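Note sheet for the following structure.
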Amino acid sequence: MITLGEGETPLVLSRRIGPRIGCPQLYFKMEMCNPTGSFKDRGMVVAVAKAVEEGREAILCASTGNTAASAAAYAAHCALKAYVIVPRNFIARGKLAQAIAHGATIVAVDGNFDDALRLARELASCHPWALVNSVNPYRLEGQKTAAFEIVDQLGEAPDMVFIPVGNAGNISAYWQGFVEYHRAGYARQLPRMMGVQAEGAAPIVRGEPVANPQTIATAIRVGNPASWQLALKAKEESKGAINAVSDQQILEAYALLAREEGIFAEPASAAALAGLLELAQKEDLSRQVVVCIITGSGLKDPDIVQSLPARIVEVEARIGAIEEALGLR
Ligand SMILES: *Cc1c(COP(=O)(O)O)cnc(C)c1O
């Protein structure tokens with residue numbers, strides 16, 4: 001009964017990066033094409049539908065940005081109030097713009113995402129609001145549909161799925177989706193789940209919470225993921241891995257996606273590709289079907305583009321001046 005058009009996102013074959021790194025069957029799952037520009041909409045539509053069904057008047061979430069943008073949009077769609085708790089100074093401008101535009105009440109706390117999530121859980125326990133973080137099981141139920149779609153689009157499950165890991169809900173949801181689809185007989189095989197964290201925010205890789213997570217990829221700037229155990233289960237059951245990449249590697253992958261594929265992804269999404277680029281140096285991927293999840297849009301974090309060299313020529317409004325500036329005369 002409720003939809004903004006989430007899901008059914010394209011699966012795009014890599015034209016340049018895949019062939020160059022010896023992985024010709026590399027695909028990008030374009031989750032940035034969801035209505036608010038990230039995969040969060042898949043889970044949010046279910047969580048909000050359930051909040052409406054339960055007669056709630058407001059929803060609440062902690063967020064590094066995209067959950068807030070999505071919650072705010074679906075709350076507006078369903079005439080609910082939205083309260084979003086975000087870490088002050090660590091939310092990308094585009095995401096904040098979305099929450100503001102949709103009329104959410106924004107609480108910017110002096111702390112990180114983990115502090116915000118703890119506060120949101122406490123608030124939800126003493127106010128009649130639906131908590132719509134990925135600790136809400138309806139979120140994962142919605143997000144698992146992306147795994148169904150990938151199998152439908154390829155005709156079989158891929159061999160590997162590279163996915164950024166922050167609060168670790170999404171990797172858990174994908175694994176649940178692949179397992180359910182496999183059990184239902186729609187896929188013969190299961191993929192290896194390849195989670196990627198940022199080096200400065202890699203609690204699962206290190207095996208202990210990170211008190212002060214740091215990375216330019218704010219969507220995965222999480223020190224104590226809520227779905228930690230589910231993510232480990234996904235990694236172990238799938239014979240996958242969870243590895244870390246540096247911010248430098250993330251920025252390089254971000255530039256490659258934009259300049260060699262035409263995909264303007266946000267830094268957290270580029271982390272997935274950075275993880276693949278590293279593995280491609282060590283493993284033969286020539287026969288592997290690999291999917292990188294492009295979790296969110298680069299438009300959300302316009303400040304990061306300053307890390308790329310820009311080609312801008314400033315000229316008088318005269319054809320001769322343009323030709324001169326371009327070296328054509
Ligand atoms: C939320 C988010 C992630 C991390 O997903 P988790 O479920 O928190 O692990 C990665 N990329 C983007 C763009 C996100 O919005």
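Computation of the quantities below employed the complete heavy-atom set of this structure, encompassing side-chain atoms and omitting hydrogens, waters and symmetry-equivalent molecules. Atoms within each ligand, like the ligands themselves, are counted from 1 in listed order. The model shown is predicted, which means the values in this text are computed figures rather than measured ones. Numbering of residues begins at 1 and proceeds along the displayed sequence.
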Could you tell me which atoms of ligand 1, counted from 1 in the order shown, lie closer than 4.0 angstrom to a heavy atom of E266? 13 (C)

Show me which atoms of ligand 1 lie under 4.0 Å from any heavy atom of G296. 13 (C)

Could you tell me whether some N/O pair between A219 and ligand 1 is separated by less than 3.5 angstrom? no

among protein heavy atoms, the one nearest atom 8 (O) of ligand 1 is N167 N, 2.8 Å

For S134, is the nearest heavy atom under 4.0 Å from an atom of ligand 1? no

Before accepting this row, confirm whether a basic side-chain N of the pair R15/E260 lies closer than 4.0 Å to the acidic partner's carboxylate O. no

With nothing but distance in play, are any N or O atoms of A168 less than 3.5 Å from an N or O of ligand 1? yes

Electrostatic pair E180-K144, nearest N-O below 4.0 angstrom: yes

Give the atoms of ligand 1, by number and element, whose distance to some non-hydrogen atom of A268 is under 4.0 Å. 11 (N)

If you compare G166, G298, S38, A272 by their heavy atoms, the one closest to atom 4 (C) of ligand 1 turns out to be G166

What orientation do Y74 and H77 show, parallel under 30°, tilted 30 to 60°, or perpendicular over 60°? perpendicular

For G169, the atoms of ligand 1 under 4.0 Å from one of its heavy atoms are 6 (P), 7 (O), 9 (O)

So, K40 and E6, do they make that salt bridge, N to O below 4.0 Å? no

Within the 4.5 Å heavy-atom criterion, are S297 and F264 side-chain neighbours or not? no

Which residue, N34, T3, T36, forms the side-chain hydrogen bond (donor to acceptor under 3.5 Å, both in side chains) with D41? T36

What's the spacing between E199 CD and Q214 CD if we round to 0.5 Å? 13.0 Å

Among all protein heavy atoms in this structure, tell me which lies nearest to atom 5 (O) of ligand 1, with the distance rounded to 0.1 Å. F39 CZ, 3.5 Å

For atom 7 (O) of ligand 1, what is the nearest protein heavy atom, given as residue, atom name and distance? N170 N, 2.8 Å

Heavy-atom side-chain proximity of R93 to D301 below 4.5 angstrom: no

Out of T67, T295, V165, I293, who gets a non-hydrogen atom closest to atom 12 (C) of ligand 1? T295

If you take all heavy atoms of S70 and M44, which pair is closest and at what distance? OG-CB, 3.2 Å

If you scan protein heavy atoms around atom 2 (C) of ligand 1, the nearest is K40 NZ, 2.4 Å

